[in-house]
Amino acid sequence: MEKKAGSSLKTGSRPKTGSRSKTGNSPKSGGEIRGTALNMLRALLCSYIVTGVLLLILTLLLYKAGLSEGNVNAGIILIYLLSTFAGGFAAGKMAGRRKFLWGLLLGVLYFLLLVLISAGVYHSLESDGGQLLTTFLLCAGGGMLGGMLA
């Protein structure tokens with residue numbers, strides 16, 4: 001009885017060359033990076049649309065109900081949380097993996113854009129370091145929570 005060379009090998013047992021590893025350590029192509037950046041911009045736009053709608057609602061409540069300054073400040077904090085949560089949720093859904101990191105990145109970008117807009121309008125930052133840190137933590141935390149629940 002003669003054995004054929006290679007007959008003991010199972011078909012398909014060799015690893016495929018050029019396939020992506022499970023760890024995802026392969027470098028991203030330009031199209032993937034562009035798509036990721038576009039998804040992040042979409043999620044950021046989503047969070048700013050939510051911000052605009054909620055600020056309009058808060059303005060109407062301020063006008064009709066005569067809210068106090070404390071209530072308005074609480075409303076603004078809630079708007080930061082809800083907006084970054086919505087954006088982080090959208091970013092997490094679009095990313096598919098490491099959702100909390102994409103949500104966190106969205107929250108940080110939301111905060112940075114908020115600071116840039118405030119600095120552009122007022123030509124300085126109107127709040128102290130403690131308020132800036134609190135706002136940063138709210139934005140980053142809201143985005144990360146949205147990403148985790150995506």
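Computed from a predicted structure; not experimentally measured.
- Taking hydrophobic clusters as Ile, Leu, Val, Met, Phe, Trp and Tyr residues chained together by side-chain heavy-atom distances below 4.5 Å, Tyr110 shares a cluster with Val121.
- Note: Thr84 OG1 to Leu109 CG = 12.0 Å, rounded to the nearest 0.5 Å.
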Evaluate ring pair (Phe, Tyr, Trp, His ring centres under 6.0 Å) for Phe111 paired with Tyr80, printing each intermediate quantity in order.
CA-CA 9 Å; Phe111 172 77; Tyr80 288 154; 8.7 Å; no
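- A 4.5 Å side-chain heavy-atom check between Leu113 and Tyr48 finds at least one atom pair inside the cut-off.
- Criterion: ILVMFWY side-chain heavy atoms under 4.5 Å apart, direct or through other members. Under it, Val108 and Leu133 are part of a common hydrophobic cluster.
- A heavy-atom distance below 4.5 Å is found between the side chains of Leu114 and Thr135.
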CA sep, side-chain torsions, deciding dist, call: Leu58, Leu67, side-chain contact (heavy atoms from CB on, under 4.5 Å):
CA-CA 9 Å; Leu58 183 64; Leu67 297 176; 4.0 Å; yes
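- Across all non-hydrogen atoms, the minimal contact from Phe89 to Leu149 is CE1-O, 3.3 Å.
- To the nearest 0.5 Å, the span separating CD1 on Ile49 from CG on Leu54 amounts to 12.0 Å.
- Considering CG of Leu62 and CD of Glu69, their distance stands at 10.5 Å, rounded to 0.5 Å.
- When each of Val50, Leu106, Leu145 is paired with Phe85, the side-chain contact (heavy atoms from CB on, under 4.5 Å) condition holds for Leu145 and for no other.
- Scanning both residues, Ala86 and Cys46, for their nearest heavy atoms gives O-SG, 4.3 Å.
- Proximity of Trp102 to Asn39: side-chain heavy atoms (C-beta onward) are nowhere separated by under 4.5 Å.
- Of the inter-residue distances, the one linking Met148 atom CE with Phe100 atom CZ reads 8.5 Å to the nearest 0.5 angstrom.
- No single ILVMFWY cluster, assembled from side-chain heavy atoms under 4.5 Å apart, contains both Ile77 and Ile57.
- The minimum heavy-atom distance between Met40 and Leu105, with the atom names listed, is CE-CD2, 3.7 Å.
- The two residues Leu81 and Leu138 make their nearest non-hydrogen contact at CD2-O, 3.6 Å.
- Under a 3.5 Å cut-off, the side chain of Lys99 and the backbone N or O of Ala150 do form a donor-acceptor pair.
- Both Tyr122 and Leu55 are members of a single hydrophobic cluster when ILVMFWY side chains are connected at heavy-atom separations under 4.5 Å.
- The minimum heavy-atom distance linking Ser83 with Ser47 is given by the pair O-CB, 3.1 Å.
- In the hydrophobic cluster analysis, where Ile, Leu, Val, Met, Phe, Trp and Tyr join through side-chain heavy atoms closer than 4.5 angstrom, Leu112 is grouped apart from Leu41.
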